[in-house]
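Read the structure below first, then the notes.
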Amino acid sequence: MRPVFCFGELLIDFLSISEHQSDGLTLKDYRQYPGGAPANAAVAVAKLGGKSYFAGQVGSGIFGDFLKQALERYGVDTRFLLQHPTAKTALAFVERAPDGDRRFSFYRHETADLLMTPEQVDNAWFADPVIFHFCSNTLTTDAITTCTHYAVDQALSQNNLISFDVNLRHNLWPDGHADKDRVNSLVYKSHVVKFSRDELEYLASGDLESYIRETLKTTCQLILVTDGGNIMSYHTASHSGEISPPPVDPVDTTAGGDAFIGGFLHAISRTNDPFAALVDRSKLPELLMFALCCGACTVTKAGAFPALPDLNEANSLFTRSFPDASST
């Protein structure tokens, strides 16, 4: 089994769970959860029984300590997690709509995760073959972009498989929208790239077919396009397909996409050749069905780490939803 090595932001999600009235004011109650897209993916892999590492940087105060303990609680290897002596841990306040969707407010100015440098990318990260996974939130400033490119280049130089969950958060970018060229420069360096439907449309500037075709001429071998509870699609240079996710009643969609990509990376990590699995016409659909079940399980519960399924839970939904497929 090849480990999954996740790099990027680790933060506190303060999730709005209720509200009450006091002296004419509506006061919201927030509950502290561990989060951050690549951290969620690392926990997703670990809870499914895989081996995962997390590399990133948090503060050295109570929030950073809590996040480190949370990762370790779920079996993620934190030997490459750094704690900055003065910078703060990033925070996100999350409000949920009645349909389970969410709205984020980030507190992430010069926080510890943004201050990582190429010098902190340890050669030990790639001492053994890994699946290297990251997201676009480590592209929002020039400095962290430089560090991300360096880490990806180091991973590529050691023949590791690169996974990129685009996961755009436009309100984190200085101009209020993601830099398309900057994001696409990493899309073209990655072997598997996950987009939501609206992220793909944004980065493709409307010409989806040409964008997918040209992307698959680069390093990219597999494009995954999710659309919430709607049909997902996948694309390789030789074939494409669509799969409907299991229908569920969403409670909180915060980590649904992270559970999906974490489930997929776990599934390919268990194959004899993860690179071959990306384009295996006969096996790929079942791996994606399993990943969809991981995402579906997650959105039925609140929070990120606690909501991610273990292998029994994911396989149970997989068996019920896709009875003709073999269990992952």
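Please read all numbers here as calculations on a predicted model, not as lab measurements.
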Query raised in the report: Looking just at side-chain N and O atoms, do Gln21 and Thr26 make a donor-acceptor pair shorter than 3.5 Å?
Result: yes
Query raised in the report: Mind checking whether Phe14 and Phe93 have ring centres under 6.0 Å apart?
Result: yes
Query - Heavy-atom side-chain proximity of Phe318 to Leu311 below 4.5 angstrom - result: no
Report summary line: Partner of His133 under side chain to side chain donor-acceptor pair (under 3.5 Å), picked from Ser163, Ser190, Ser52, is Ser163
Report task. Verify the distance criterion only: is there a donor paired with an acceptor across the side chains of Ser18 and Asp29 at less than 3.5 Å? Result -> yes
Query raised in the report: Taking all atoms of both residues into account, what is the closest heavy-atom pair of Thr140 and Thr145, and its distance?
Result: N-OG1, 4.3 Å
**Report entry** Whether Ser316 side chain and Asn312 backbone form a donor-acceptor pair below 3.5 Å
**Finding:** no
Query raised in the report: How about Phe126 and Phe132: are their ring centroids closer than 6.0 Å?
Result: yes
Requested in this report: Look at the side chain of Ser157 and the backbone N and O of Gln154, then say whether any donor-acceptor pair between them is shorter than 3.5 Å.
Outcome: yes
Requested in this report: State plainly whether the residues Asp258 and Lys194 are in salt-bridge range, i.e. N to O under 4.0 Å.
Outcome: no
Query raised in the report: Within the distance-only criterion (no hydrogens, no angle test), does the side chain of Ser136 pair as donor or acceptor with the backbone N or O of Val166 below 3.5 angstrom?
Result: yes
Query - Cation-pi geometry met for Lys180 and Tyr202 (6.0 Å, 45°) - result: yes
Report task. Mark yes when over 12 heavy atoms from residues, nucleotides or ligands other than Asn272 sit less than 6.0 Å from its CG; otherwise mark no. Result -> no
Query - Nearest heavy-atom neighbours spanning Phe290 and Ala267 - result: CD2-CB, 4.2 Å
Query raised in the report: How far does OG of Ser205 sit from CG of Leu208, to the nearest 0.5 angstrom?
Result: 10.0 Å
**Report entry** Asn123, CG: over 12 other non-hydrogen atoms inside 6.0 angstrom
**Finding:** no
Query raised in the report: Would you say the side-chain atoms of Asp122 pair up with the backbone N or O of Trp125, donor to acceptor, closer than 3.5 Å?
Result: no
**Report entry** Closest non-hydrogen atom pair between Leu284 and Leu278, with its separation
**Finding:** CD2-O, 3.5 Å
Requested in this report: Using a strict cut-off of less than 4.0 Å between a Lys/Arg side-chain nitrogen and an Asp/Glu carboxylate oxygen, indicate whether Asp113 and Arg108 qualify as a salt bridge.
Outcome: yes
Requested in this report: State, without any angle test, whether His239 and Thr236 hold a side-chain donor-acceptor pair at a distance under 3.5 Å.
Outcome: yes
Query raised in the report: Under 3.5 Å, is there a donor-acceptor pair between the side chain of Ser210 and the main chain of Asp207?
Result: no
Query raised in the report: So, Lys68 and Glu72, do they make that salt bridge, N to O below 4.0 Å?
Result: yes
Requested in this report: Quick one: do Phe164 and Phe134 satisfy ring pair (Phe, Tyr, Trp, His ring centres under 6.0 Å)? Show the steps, please.
Outcome: CA-CA 5 Å; Phe164 183 18; Phe134 70 104; 4.4 Å; yes
Query - Smallest separation among heavy atoms of Thr226 and Met232, with atom names - result: CA-CB, 4.2 Å
Query raised in the report: Which atom names give the shortest non-hydrogen contact between Gly262 and Leu48, and what distance separates them?
Result: O-CD1, 4.5 Å
Query raised in the report: Distance under 6.0 Å and angle within 45° of the ring axis: does Arg79 meet both against Tyr53?
Result: no
Query raised in the report: Are Lys189 and His149 linked by a side-chain donor-acceptor pair shorter than 3.5 Å?
Result: yes
Report task. Report yes or no: does Asn184 contribute a side-chain atom to a donor-acceptor pair with the main-chain N or O of Val187 at less than 3.5 Å? Result -> no
Query raised in the report: Is Tyr107 atom OH crowded by more than 12 heavy atoms from other residues, nucleotides or ligands, each under 6.0 Å away?
Result: no
Requested in this report: Classify the side-chain pair Gln57/Gln83 by whether it contains a donor and acceptor separated by less than 3.5 Å.
Outcome: no
Query raised in the report: Any donor and acceptor pair, going by atom type alone, linking the side chain of Ser196 with main-chain N or O of Glu199 inside 3.5 Å?
Result: yes
Query raised in the report: Can any side-chain N or O of Thr218 pair as donor or acceptor with the backbone N or O of Glu214 at less than 3.5 Å?
Result: no
Report summary line: Heavy-atom nearest pair, Lys47 first then Pro306, reads NZ-O, 3.5 Å
Query raised in the report: In terms of side-chain geometry, is the basic nitrogen of Arg31 or Asp13 positioned less than 4.0 Å from the acidic oxygen of its partner?
Result: no
Query - Arg182-Ser185 side chain donor-acceptor pair, cut-off 3.5 Å - result: no
Query raised in the report: Are the charged groups of Asp252 and Lys301 less than 4.0 angstrom apart, N to O?
Result: no
